[in-house]
K.L.:
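The structure's right below; bear with me while I get my questions together.
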Amino acid sequence: MMQNISILGSTGSIGRQTCAVAEHLGIKVSAIAARRDIKLLETQARRFRPRLVAVYEENAAKALRDALSDMDVEVLSGEEGLIAAATVAEADCVVTAVSGSIGLRPTLAAIDAGKRIALANKETLVCAGDIVMARAEEKGAEIIPVDSEHSAIFQSIGGMKRREELKRILLTGSGGPFRGLSRQETYHKTPAQAVSHPNWSMGAKISVDSATMMNKGLEFIEAMHLFAVSPDRITVLVHPQSIIHSAVEMIDGSVIAQLAVPDMGLPIQYALTYPERKVSQSAALDLFTAGDMHFEKPDLEKTPCLRLAMDCAKAGGTAACVMSAANEAAVGLFLEEKIPFGAIYECVAEALDSIDIISKPSLEEIISADGKARETVKRIFGKWS
Ligand code: MG
């Protein structure tokens, strides 16, 4: 089990739950980092007494430095601060729970420092999966998934050792709050409607991604990199009850699944205790009361974001990065009520149409593609408003 961790994105949904798991397991927290929520960072700093706190925004960092002046703690800012938190010497594991492509460089820095990565940031693998996985292999850094689906796949295979026995991944998804609705029916849905997920309580960005099913698309690409499988070996199943968190078909025909109540505390804990298991604070799953489970094929007409993601998975290169960055920018505009729900897909599709895809990109080319995608979404929005 990990003894000492650093949490990037400690004030978000996964970050807060990681704090609770660390407390439950008696794990020391040596560094915490977040974008700007210094009120919660201060509370966390006083509770966990980390050596280092990183705040992405400079002004917020200054204010926190003042607020914590009575404590022996270093407060850093910017990407440098995030990287310092990702490489803090005492930590044997870094939980990467920041939202968006901002997680990429700090994750690479943690890999270079030989830390275990408890990976909760999807964009890292979506944008730079080839580079990140190759680097982890080279440095001998373990990447343990925190996302519930990938944790389920990881647990079903039996950890890192048996990947050559894996035939196919069965990636499940609830279908989100708008399951079954057509594009016309969802076009003008509001942020409040989009973030009310039936089974999971999550941050705003991932909740919107869940409503468009872009989340499943990002997970599709993430699974491809994590488990080294081609896109044709991943099947998406809509499973509205979220009891099976994903499954694998092994080469002998056995299908192995992981089942649990929908509670992120469990995959977070497993990423920290692997290869051990410890008693958790999650409720046990009662199959007698769990009810029926059913499975459907996703309707790619109704969920065009999922279709785009599957196309990008096949295309490779910077395609997924452009898609993910355009999506991040479009979801931001949607949450600010500047574009309708249905325009998220249109922004991402237009960014993919207008930006040339580079195969085998360097890290710099990936970051540049990410920036171009965001610029394109801004330009599309400018045309409308
Ligand atoms: Mg998930």
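When a ligand or atom number is given, it counts from 1 through the structure's own listing order.
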K.L.:
If you consider just the N/O/S atoms, which atom of E219 is the closest one to the Mg ion (ligand 1)?
P.N.:
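The E219 atom nearest to the Mg ion (ligand 1), restricting to N, O or S, is OE2.
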
K.L.:
Which value, rounded to the nearest 0.5 Å, describes the distance between L285 atom CG and Q258 atom CD?
P.N.:
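One finds 9.5 Å between CG of L285 and CD of Q258.
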
K.L.:
Just by modelled atom types, is the E222 backbone N or O under 3.5 Å from a matching donor or acceptor in the H150 side chain?
P.N.:
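Side chain of H150 to backbone of E222: no pair is present.
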
K.L.:
Among the N, O or S atoms that D147 has, which is closest to the Mg ion (ligand 1)?
P.N.:
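Answer by atom name: OD1.
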
K.L.:
State whether F48 and K28 meet the cation-pi test: NZ (Lys) or CZ (Arg) under 6.0 Å from the six-membered ring centroid, and within 45° of the perpendicular axis.
P.N.:
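So K28 doesn't make the cation-pi contact.
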
K.L.:
May I ask you to test the I344-M214 pair for a side-chain heavy-atom distance under 4.5 Å?
P.N.:
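No; the side chains remain at least 4.5 Å from each other.
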
K.L.:
Which N/O/S atom belongs to E149 and is the closest one to the Mg ion (ligand 1)?
P.N.:
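Restricting E149 to its N, O and S atoms, the minimum distance to the Mg ion (ligand 1) goes to OE1.
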
